[in-house]
Amino acid sequence: MCGIVGYIGHRDAYPIIIKGLQRLEYRGYDSAGIALYDGKDINLSKTKGKVEDLKNKSQKSISLEGKLGIGHTRWATHGVPNDVNSHPHYSNSGDLVIIHNGIIENYDSLKKELIKRGYTFSSETDTEVLVNLIEEVKRKEGVKLGKAVQIALNQVVGAYAIAVFDKQKPDEIVVAKLGSPLAIGVGENEFFIASDASPFIEFTNNAIYLEDEEMAVIRLGKEIKLRKIKDDAIAYPSIQELKLNLEEIEKGGFDHFMLKEIYEQPRAILDTYRGRLLAKEGIIKMAGIDDNLEKFLNANRIIIVACGTSWHAGLVAEYIFEDLARIPVEVEYASEFRYRNPVITDKDVLIAISQSGETADTLAAIKLAKEKGAFVFGVCNVVGSSIARETDAGAYTHAGPEIGVASTKAFTTQITVLTLLALKLAKEKGIFNNTRFHEHLTELENIPAKVEKALLTNPLVEIIADVYKNSTNCLYLGRGYNFPVALEGALKLKEISYIHAEGYPAAEMKHGPIALIDEHMPVVVIATNKGHYEKVVSNIQEIKSRKGKIIAVVTEGDEQVRDLADHVIEIPETLESLTPLLTTIPLQLLSYHIAVMRGCNVDQPRNLAKSVTVE
Ligand code: AGP
């Protein structure tokens with residue numbers, strides 16, 4: 001996610017902002033920038049790369065004077081990482097300068113309108129549109145910056161945490177929040193602005209956290225006044241006295257990045273379908289797909305290549321595409337695909353899935369497919385990554401940076417993107433009528449709230465983890481859509497707790513694995529009420545009769561499995577094709593708690609790297 005930092009007060013702003021950006025580096029970013037007001041003008045420096053690069057560039061290129069300034073680390077969503085697309089952004093007049101964390105969904109229509117009014121743009125970003133919209137409102141309505149921001153934000157659809165100032169009125173900074181975090185540090189005759197408290201905790205532990213749809217005009221020597229963006233109602237700020245240390249702030253109060261990222265999944269899934277899933281209008285809007293629809297509709301088959309967790313997301317997608325869109329799919333380990341001399345034609349569509357966008361085997365598989373004429377579509381989380389640049393088209397997940405080596409929110413957001421693609425193709429092919437299409441769109445919109453509910457199983461899962469933390473083996477079983485989830489659950493457990501775990505199709509048990517079952521073998525079974533439920537229940541009975549310990553993930557209200565299993569974890573009901581987005585949650589939590597109880601390094605497990613950029 002982007003990081004924002006701002007300062008207005010009696011100290012030099014530059015060192016505070018630079019250090020504050022360094023404190024936010026953990027959020028992941030690809031470029032950085034700063035703007036300072038030196039008493040006369042705004043001095044701005046920005047660059048692709050790291051904060052260190054920004055320090056080197058700014059110290060050579062601009063005056064570092066000033067007690068008012070804003071800074072930004074950018075995690076690209078619109079526009080590739082480069083100097084021009086970095087923040088801060090000027091308005092056309094050069095009077096206003098803004099930083100922004102979030103996504104403006106309707107930036108395209110706003111940009112077109114501003115161009116008609118003579119505005120020009122140097123970047124591809126939604127943020128540059130926003131600062132010029134504010135300028136246009138300020139000019140046209142003849143209002144002050146605070147009011148102009150408020151009016152402009154009422155025309156915006158999307159998520160934002162912004163800080164903006166006007167060199168014509170350099171005694172104030174205006175901030176506003178919707179969807180992305182924004183904290184104000186309240187010091188002695190000085191104010192700090194940041195995405196979290198880490199940039200200012202050394203100066204003050206008094207913080208105001210803006211709520212969604214709140215804004216503030218921060219003026220030196222004045223009480224902070226919060227307003228509701230929508231109706232101008234006054235909101236009264238509650239100043240919190242923070243007791244968190246730096247490390248706790250970076251992890252959002254969670255003990256590990258992995259747990260933080262597990263809990264970010266409702267927001268990450270929402271951000272991934274934001275602006276793409278328009279359930280009321282019955283539309284799925286994704287440029288990478290819309291511009292290449294014929295290729296998908298005329299494809300002989302879809303080949304999915306990926307590694308690890310992304311490969312499991314690909315397996316889920318196989319069930320979704322074949323079941324809903326009736327398109328033949330094969331899923332390949334990229335590392336095998338690239339060497340087995342596969343048959344590929346120009347009637348094939350290859351989908352490459354990769355969180356990092358840097359996995360060497362996946363990149364090599366893409367190049368092979370392109371050489372043989374296939375159309376290649378990428379599903380990546382890192383904008384401008386090698387895979388994103390190598391593919392012919394793509395759709396980004398908007399999970400935000402995934403710091404924990406064990407992939408969690410990448411998995412669920414990859415499935416979200418692939419579900420949108422499959423639903424769009426099912427509709428375009430006439431397989432889905434409007435009713436069935438609308439049912440799926442509406443249910444997909446319900447998923448973030450249902451993931452929140454699934455996360456409420458955490459205390460129960462922690463108790464179960466304590467029972468099995470010393471196991472030496474574990475089996476994961478699932479059928480249909482949840483067979484890949486069984487594989488993913490097993491991968492999670494083995495990679496962070498170092499317990500040997502295997503995932504199997506539940507029916508495959510009797511072809512071998514059942515020989516492993518005894519009273520020492522915990523078996524995690526996904527037994528939701530959709531898709532061959534009764535058959536999974538008989539698998540559970542087979543395990544029980546051999547004294548296996550059964551941890552069952554069931555649909556809330558299930559009684560039948562409750563009578564058979566040793567432990568039952570209930571998740572909300574949903575459509576069969578969407579169950580993986582929910583069944584994976586307790587399995588992520590189970591692996592996390594077992595790993596913590598075993599004293600493992602959850603965020604950086606032994607022998608593993610976050611991105612395998614070598615063969
Ligand atoms: C999953 O938890 C692992 N971190 C690993 O299997 C990962 O999914 C795999 O290396 C693929 O990475 P990518 O999605 O960045 O290509």
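Indexing begins at 1, ligand by ligand and atom by atom, following the structure's order.
When each atom of ligand 1 is checked for a heavy atom of S407 under 4.0 Å away, the hits are 1 (C), 2 (O). Interface of S354 with ligand 1, defined as ligand atoms under 4.0 Å from a residue heavy atom, comprises 13 (P), 14 (O), 15 (O), 16 (O). Residue-ligand proximity, T309 to ligand 1, at heavy-atom distances under 4.0 Å covers atoms 1 (C), 2 (O), 6 (O), 8 (O). Residue contact check: A406 has heavy atoms under 4.0 Å from atoms 2 (O) of ligand 1. With ligand atoms numbered from 1 in the order given, ligand 1 contributes 8 (O), 13 (P), 14 (O) to contacts under 4.0 Å with heavy atoms of S310. Ligand-side atoms of ligand 1 in range of K492: 1 (C), 2 (O), range being under 4.0 angstrom from any heavy atom.
With hydrogens and angles left out, the side-chain atoms of Q588 and Q265 include a donor and acceptor closer than 3.5 Å. In summary, the side chains of T47 and D53 do not present any donor paired with an acceptor at a separation below 3.5 Å, with no hydrogens or angles considered. Side-chain contact annotation: E402 with S407, donor-acceptor N/O pair under 3.5 Å present.
The aromatic rings of H256 and Y592 sit perpendicular, their planes meeting at an angle over 60°, well past the 30° parallel limit. Note: H87 and H100 have parallel aromatic rings, judged against thresholds of 30 and 60 degrees for the angle between ring planes.
Heavy atoms only, all atoms of each residue included: A161 and P181 are closest at CB-O, 3.4 Å.
In this structure, the protein non-hydrogen atom closest to atom 9 (C) of ligand 1 is C307 O, 3.8 Å. The nearest heavy-atom contact from the protein to atom 6 (O) of ligand 1 is G308 CA, 3.2 Å. Nearest protein neighbour of atom 15 (O) of ligand 1, counting heavy atoms only, is S356 OG, 2.6 Å. Among protein heavy atoms, atom 10 (O) of ligand 1 sits closest to V612 CG2, 4.0 Å.
Under a 4.0 angstrom heavy-atom cut-off, V405 registers as being in contact with ligand 1. For E358, the heavy-atom gap to ligand 1 stays at 4.0 angstrom or more.
Taking 4.5 Å as the limit, some side-chain heavy atom of V382 sits within range of a side-chain heavy atom of W75.
Across E495, M258, Q588, heavy-atom proximity to atom 2 (O) of ligand 1 is greatest for E495.
Aromatic ring centroids of F411 and H312 lie 6.0 Å or more apart.
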Kindly indicate, with the supporting measurements, whether the criterion ring-ring contact (aromatic ring centres under 6.0 Å, His included) is fulfilled by Y476 and Y504.
CA-CA 6 Å; Y476 286 72; Y504 267 97; over 10 Å; no
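By the criterion of a heavy-atom distance under 4.0 Å, the side chain of T359, and not its backbone, is placed next to ligand 1.
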